[in-house]
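Notes follow once the structure below has been shown.
Proteins get letters first, then strands, A, B, ... in listed order; numbering begins at 1 in each.
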Amino acid sequence: MNESSLSPGSEAEDSSPAFRYDASLAEEIEVEWQRRWLEEGTYQAANPLGPLSSQEVDTRPKLFVMDMFPYPSGSGLHVGHPLGYIGTDVFARYKRMVGYNVLHTMGYDAFGLPAEEHARQTGEHPRSNTENNIANMQRQLDRLGLGHDKRRSIATTDVSYYRWTQWIFLQIFQSWYDTEVNRARPISELEDLLSSGARATSDGRPWAEMDETEKRRELDHWRLAYLGDAPVNWCPALGTVLANEEVTSEGRSERGNHPVFRRPMKQWMMRITAYADRLLEDLERLDWTDSIKTMQRNWIGRSEGAQIGFETSSGSKIEVFTTRPDTLFGTTAMVLAPEHPLVDALTAKTWPEDTPPLWRGNAETPGEAVDNYRRKVSDLTDLERQENQAKTGVYIGAHCAVPVNGHRVPIFIADYVLMGYGTGAVMSVPGQDQRDWDFAKAFEIEIIRTVEPPSTFEGEAYAGDGAAINSGFLNGLHIDDAKRAITDWLEREGHGLRTVTYKLRDWLFSRQRYWGEPFPIVYDDTGLALAVPENQLPVELPELIDWAPRTLDEESDPEPPLGRATEWAVATYDLGDGELPYTRELNTMPQWAGSCWYYLRYLDPNNEERFVDPMVERYWMTDSDGGVGGVDLYVGGVEHAVLHLLYARFWHKVLFDLGHVSGPEPFQRLYNQGYIQAAAYQDQRGIYVDAEDVVESGGEYFYEESPVTRTFGKMGKSLKNSVTPDDMYSAYGADTLRLYEMFMGPLDQDRPWETKSVIGSHRLLQRVWRNLIDESTGAVTVVDTAPSDSLKRILHRTIAAVGEAMEGLRFNSAIARITELNNELSRRAEPVSREVARALVLMLGPLVPHIAEELWKRLGNSNSIVHEQFPAAQPDFLVDESVELPVQVNGKVRSRIVVESGLEEEALRGAALSDPRIEELLRGKEIRKVIVIQDRLVNIVAS
RNA sequence: GCCCGGAUGGCGGAAUGGCAGACGCAGAGGGCUUAAAACCCUCCGUUCCUAACGGAGCGUGUGGGUUCGAAUCCCACUCCGGGCACCA
């Protein structure tokens, strides 16, 4: 920017100097530099090859910094949204200045329910609505001066992007999980194994005896993406099924809070359970917070135990899963989930003679009792079931035998046993399990303790460790040994096996929605799925007029909106038998699909041949330090702890197994930014009032003279406490907003927004500007004389501290140190030497790029500050010639001495002991010990 | 209930075994100004002693421990935030 292009401050502010750094000057600087950066491609990151490579071979180390890309909301940004984006921008800019080839860009997660719900309410087509929202959000973000490589930006709704989402789906569809080598392999390899007999088919029938349809059905059985017929979460209000992860623990949809019903339906599933152990184990190799790792571990929910078979009176065997096989001798009942498949066969015709009335559920026959109970249970919502933890159930008139001692125990059905976990059957051991204890109390079932509780134990079921009792050959063994002994016995005698069970279920992957990726799948007259050939991709969404999903009731079936595109729904392909018509899959993919691999497309966004070039992928995703690889820094909210992060890891592992990516994990380092909270005020009726208009007086808050109460919460319309970036741009400029957001506190912590504090960050920039520029003439006041030694020491200590803080993402500390340096310059009230000015401006570069770039230019530099070297601290100036250090007596500071730095221990000890004040305090005391820490302190222990 | 975080002045926070409260906001006093704003300078945890300079005690949620020395490490507890939850 030319100085002449800067107009003096506006008329309204003519009392302030013409070249003061204020909001209007900030805006001029910011808009102009944003224009130039775009024009000059300042933030473009070079690939090692291909269309995005640069002329010269890049020898710098790479760094891939990424934000969780946003859903383009129509309601616009508030100041809380860009916190993480500013954080990654500062870090990326800093790393660029210390020599990295940094890739940083931004995209949009634009498919999915929210876009469609919005479109449904406004009547606007999802695509045009989405595109408008993206444009609006991009405009707001651009004004922040984020240093993104815009050539690499994608939206998941771009046809050129979802073409490859479909391609990846086909990779998964065309694969199976080989548990022998513990990785996914192409389905064609399975076909070879089956036909040669090297692998047995799922039901043991020889491959050669199967006809073509049966062979296809057999292969479908093994695929990583398959059509499952399991109970799914059906949400009639949204007109779609949902993944387990999208349903709250109250049994409602996470989006919209609508009721969700469990119903068996044929839906696309992804075999994520095949990866459960690897998803769990590889967490160890990731630099993520413990809390996120714990959440993923809990979600996967691995538990080790044994599967044990119980012979029933009718001959069939009930399999149970237990983590406590050591308590087998304490089993006094068998409890099945009401939906358990063996219930009908096991239920007796009549009540056995001595059946207690309590067990009969007021029914004439066991069959009637079971029917009644099942009806009662299915009428309960998940919430009611959860709230009411009292144990209910009925006896089904049958018995089974405890394998280890042959005891006959009664079989019940009860809703506290869930069909969806383990085998849907539980050996009830009331002595060691509180749920079983409660059930036993309710039905007057015998209780046998098999672990000796401590004498002080006063509880009911005892789950702690202790010696086994009442347990035959296990007696005296503690839990771990007893488990081992009984499991060995069970395996030897053929009654059970060591087993691992997971809470993780396969991922329900289809949605009855319009605004999502169509499946690249068609069906022929067998009703079996066929892949659309790769060279026929993309399968584009049809332009529908009537795209809105219908709100349905519980009894109805989902109606995919794509079914209304009757012409589209039939397609002609040559799948090996010549051109034939096929019917299309009418479901679409869930929103999570697009976000499972966008980081890979950033690397090579325009590649028409592959989803990403393998060399480019290896360059950006491999860790030269021997780490697990993946994105070097991924910043986003903690709300994606299980959903997005688990799905993306799963897809990445499949791609890794198939040789399409170079490492097993997508995100090496994950960092969760905090949220910006804001004060919200309620009047006496509890109604929220505009936070902007509340005034504080003596610790109380008032709105239009009436007292209001203050709480803190997420910024938004409902709490009437939003502050927009645009408000801040017009009051202070984008650099001030960036600086304030980074100064508020550590990036990973929630923090309360305080508009009145923003002025502090603005003042810093104003003072920096004033230290280098004459506010009334706009002339640079920097001089070419060398700085004094004392100032150089301050400068280099600042450089060292700022560098360290930047590395550790502690931008608040970096800003504090820069402020100290600048305060020192102000205090000295003399022209600033160029050497100091350069370093100061360079350190500000990552934080406030516009003003830094402008000052850099005014200091006489013609190249952009973005690619300059971050200042390096000179070690000579990090130590003072002399240091003042405290002398403690018994741990309390009693004096200070000034000594030359680096003084040896003995000399330091002498100096401390000869200090007059210390001498006086020590008079008449015995010195027991003197602790000397060079350049830090001396502590004298005396009594 | 279980699992993860966290607690430091009026407020946001700094210090990760070595001078607690850096830096900022708010507040007080002063300078400049006819005046106000802006700007600049000084003070600003708390109690006590002193006319003052200074000095002493207390102090990082609570109680204990380790250590010459603890905001920082260990144990127990309280409160706040988040996650999971009839998962056998």
Next on the checklist: As a test of reading the structure: which of B:rA88, B:rA14, B:rC23 is closest to the side chain of A:Glu820, going by heavy atoms?
Outcome noted: B:rC23
Checklist entry - Who is the Watson-Crick or G-U wobble partner of B:rA38, with both distances under 3.5 Å? => result none
Item to check | Derivation of the side-chain hydrogen bond (donor to acceptor under 3.5 Å, both in side chains) call for A:Thr450 and A:Gln432 | outcome: CA-CA 8 Å; A:Thr450 57; A:Gln432 274 74 233; 2.7 Å; yes
Next on the checklist: Rounded to whole Å, how long is the line connecting atom CD1 of A:Ile794 with atom P of B:rC23?
Outcome noted: 13 Å
Checklist entry - Roughly, in whole Å, what's the span from CZ in A:Arg894 to C1' in B:rG54? => result 14 Å
Checklist entry - Is it true that atom CD of A:Glu692 has more than 12 heavy atoms of other residues, nucleotides or ligands lying nearer than 6.0 Å? => result no
Item to check | B:rC3 phosphate, OP1 or OP2, under 4.0 Å from A:Ser291 side-chain N/O | outcome: no
Checklist entry - Between B:rA38, B:rA22, B:rC86, which nucleotide gets closest to the side-chain atoms of A:Arg20? => result B:rA38
Checklist entry - Among A:Leu737, A:Val848, A:Thr736, which residue meets the side-chain contact (heavy atoms from CB on, under 4.5 Å) test with A:Ser761? => result A:Thr736
Item to check | Base-pairing assignment for B:rC77 (Watson-Crick or G-U wobble, both under 3.5 Å) | outcome: B:rG61
Next on the checklist: Ignoring hydrogens and geometry beyond distance, is the side chain of A:Lys391 in donor-acceptor contact with the base of B:rC86 at under 3.5 Å?
Outcome noted: yes
Checklist entry - Taking for each residue the nucleotide of RNA chain B with the nearest heavy atom, is it A:Pro752 or A:Arg817 whose nucleotide lies nearer the 5' end? => result A:Pro752
Item to check | Selection from B:rC25, B:rC87, B:rC19 that lies nearest to any side-chain heavy atom of A:Arg763 | outcome: B:rC25
Item to check | B:rG13 versus B:rG65 - spacing of their P atoms, nearest Å | outcome: 32 Å
Next on the checklist: Rounded to whole Å, how long is the line connecting atom CZ of A:Arg324 with atom P of B:rC87?
Outcome noted: 14 Å
Item to check | Atom-pair distance (NZ on A:Lys756; P on B:rG10), nearest Å | outcome: 14 Å
Checklist entry - Within the structure, does a side-chain N or O atom of A:Arg810 lie under 4.0 Å from either OP1 or OP2 of B:rG13? => result no
Checklist entry - How far, in whole Å, is B:rG59 from B:rG9 if one measures between their P atoms? => result 14 Å
Next on the checklist: Using a strict heavy-atom distance below 4.0 Å, which residues from residues 739-747 of chain A are in contact with RNA chain B?
Outcome noted: A:Phe743, A:Met744, A:Pro746
Next on the checklist: Is the distance from the ring center of A:Tyr740 to that of A:His762 below 6.0 Å?
Outcome noted: no
Next on the checklist: Whole angstroms only, please: what is the CD-P distance between A:Glu639 and B:rC4?
Outcome noted: 22 Å
Would you tabulate the pairs of protein nitrogen or oxygen atoms and nucleotide nitrogen or oxygen atoms of nucleotides 65-70 of chain B closer than 3.5 angstrom?
{"from": "B:rC68", "atom 1": "O2", "to": "A:Asn939", "atom 2": "ND2", "distance (Å)": "2.6"}

Checklist entry - For residues A:Tyr701 and A:Arg710, is any side-chain donor paired with an opposing acceptor at under 3.5 Å? => result yes
Checklist entry - Among the nucleotides B:rG24, B:rC86, B:rA26, which one has an atom lying closest to any side-chain atom of A:Ile759? => result B:rA26
Item to check | Atom-to-atom span, CZ of A:Arg896 to C1' of B:rG18 - whole angstrom | outcome: 13 Å
Next on the checklist: Counting only side-chain nitrogens and oxygens, does A:Gln749 get under 4.0 Å of the OP1 or OP2 atom of B:rG13?
Outcome noted: yes
Next on the checklist: Counting only Watson-Crick pairs (N1-N3 plus N6-O4 or O6-N4) and G-U wobbles (N1-O2, O6-N3), all under 3.5 Å, who is the partner of B:rG17?
Outcome noted: none
Item to check | Between B:rG82 and B:rC75 - C1' atom distance, rounded Å | outcome: 25 Å
Checklist entry - So, is A:Arg767 close to the B:rC40 phosphate, meaning a side-chain N or O under 4.0 Å from OP1 or OP2? => result yes
Checklist entry - Between B:rC3 atom P and A:Arg302 atom CZ, what is the distance in whole Å? => result 20 Å
Checklist outcome for this item: When both distances are under 3.5 Å in a Watson-Crick or G-U wobble arrangement, the nucleotide paired with B:rG27 is B:rC43
Next on the checklist: Does the structure show a Watson-Crick or G-U wobble partner for B:rA85, both distances under 3.5 Å? Name it, or say none.
Outcome noted: none
Item to check | Chi-based syn or anti call at B:rG9, which uses purine or pyrimidine torsion atoms and a 90° bound | outcome: syn
Next on the checklist: Between B:rG57 and B:rA28, how far apart are the two P atoms, rounded to whole Å?
Outcome noted: 33 Å
Checklist outcome for this item: Out of B:rG18, B:rC84, B:rA88, minimum distance to the side chain of A:Leu937 belongs to B:rG18
Checklist entry - Around atom CZ of A:Arg828, are there more than 12 heavy atoms of other residues, nucleotides or ligands at under 6.0 Å? => result yes
Item to check | B:rC74 to B:rC2 separation - C1' atoms, rounded to the nearest Å | outcome: 23 Å
Next on the checklist: Please tell me whether A:Thr781 and A:Asp774 have a donor and an acceptor in their side chains that are separated by less than 3.5 angstrom.
Outcome noted: no
Item to check | Distance, P atom - from B:rG24 to B:rU78, rounded to whole angstrom | outcome: 40 Å
Next on the checklist: Under a 3.5 Å cut-off for both contacts, is B:rG69 paired Watson-Crick or G-U wobble with anything, and if yes, with which nucleotide?
Outcome noted: none
Next on the checklist: If I take atom CG from residue A:Leu645 and atom CD from residue A:Gln296, how far apart are they, to the nearest 0.5 angstrom?
Outcome noted: 6.0 Å
Checklist entry - Which listed nucleotide (B:rC87, B:rA22, B:rC39) is nearest to the side chain of A:Tyr421? => result B:rC87
Item to check | Spacing between A:Leu25 atom CG and B:rA38 atom P, to the nearest angstrom | outcome: 19 Å
Item to check | Contact under 4.0 Å: A:Arg770 side-chain N or O vs B:rC40 OP1/OP2 | outcome: yes
Next on the checklist: Using a 4.0 Å heavy-atom cut-off, does A:Arg435 contact any base of the nucleic acid, only the sugar-phosphate backbone, or nothing at all?
Outcome noted: base
Checklist entry - Which word best sums up how the rings of A:Phe439 and A:Phe412 line up, parallel for under 30°, tilted for 30 to 60°, or perpendicular for over 60°? => result perpendicular
Item to check | side-chain N/O A:Asn812 vs B:rA14 OP1/OP2, d < 4.0 Å | outcome: yes
Next on the checklist: So, taking the atom named OH in A:Tyr671 and the one named CG in A:Leu747, what distance separates them when rounded to the nearest 0.5 Å?
Outcome noted: 5.0 Å
Item to check | Between B:rC11 and B:rG18 - P atom distance, rounded Å | outcome: 26 Å
Item to check | Same-atom distance (P) from B:rC77 to B:rG1, integer angstrom | outcome: 12 Å
Checklist entry - Reckon A:Ser303 touches a base, only the sugar-phosphate, or nothing at all at heavy-atom distances under 4.0 Å? => result sugar-phosphate
Item to check | Carboxylate-amine/guanidinium proximity below 4.0 Å for A:Glu905 and A:Arg909 | outcome: no
Item to check | Whether over 12 other heavy atoms sit under 6.0 Å from A:Lys293 NZ | outcome: yes
Checklist entry - Charged N to carboxylate O below 4.0 Å: is that the case for A:Asp915 and A:Arg917? => result no
Checklist entry - Among B:rC25, B:rC23, B:rC84, which nucleotide sits nearest the side chain of A:Asn823? => result B:rC23
Next on the checklist: Base, sugar-phosphate or nothing for A:Gln766? Non-hydrogen atoms, less than 4.0 Å.
Outcome noted: sugar-phosphate
Next on the checklist: Please name the nucleotide paired to B:rU33 by Watson-Crick or G-U wobble geometry with both distances under 3.5 Å, or report none.
Outcome noted: none
Checklist entry - Is there a Watson-Crick or G-U wobble partner for B:rA22 with both distances under 3.5 Å, and which nucleotide is it? => result none
Checklist entry - So, are A:Lys317 and A:Glu319 salt-bridged, with charged N and O less than 4.0 Å apart? => result no
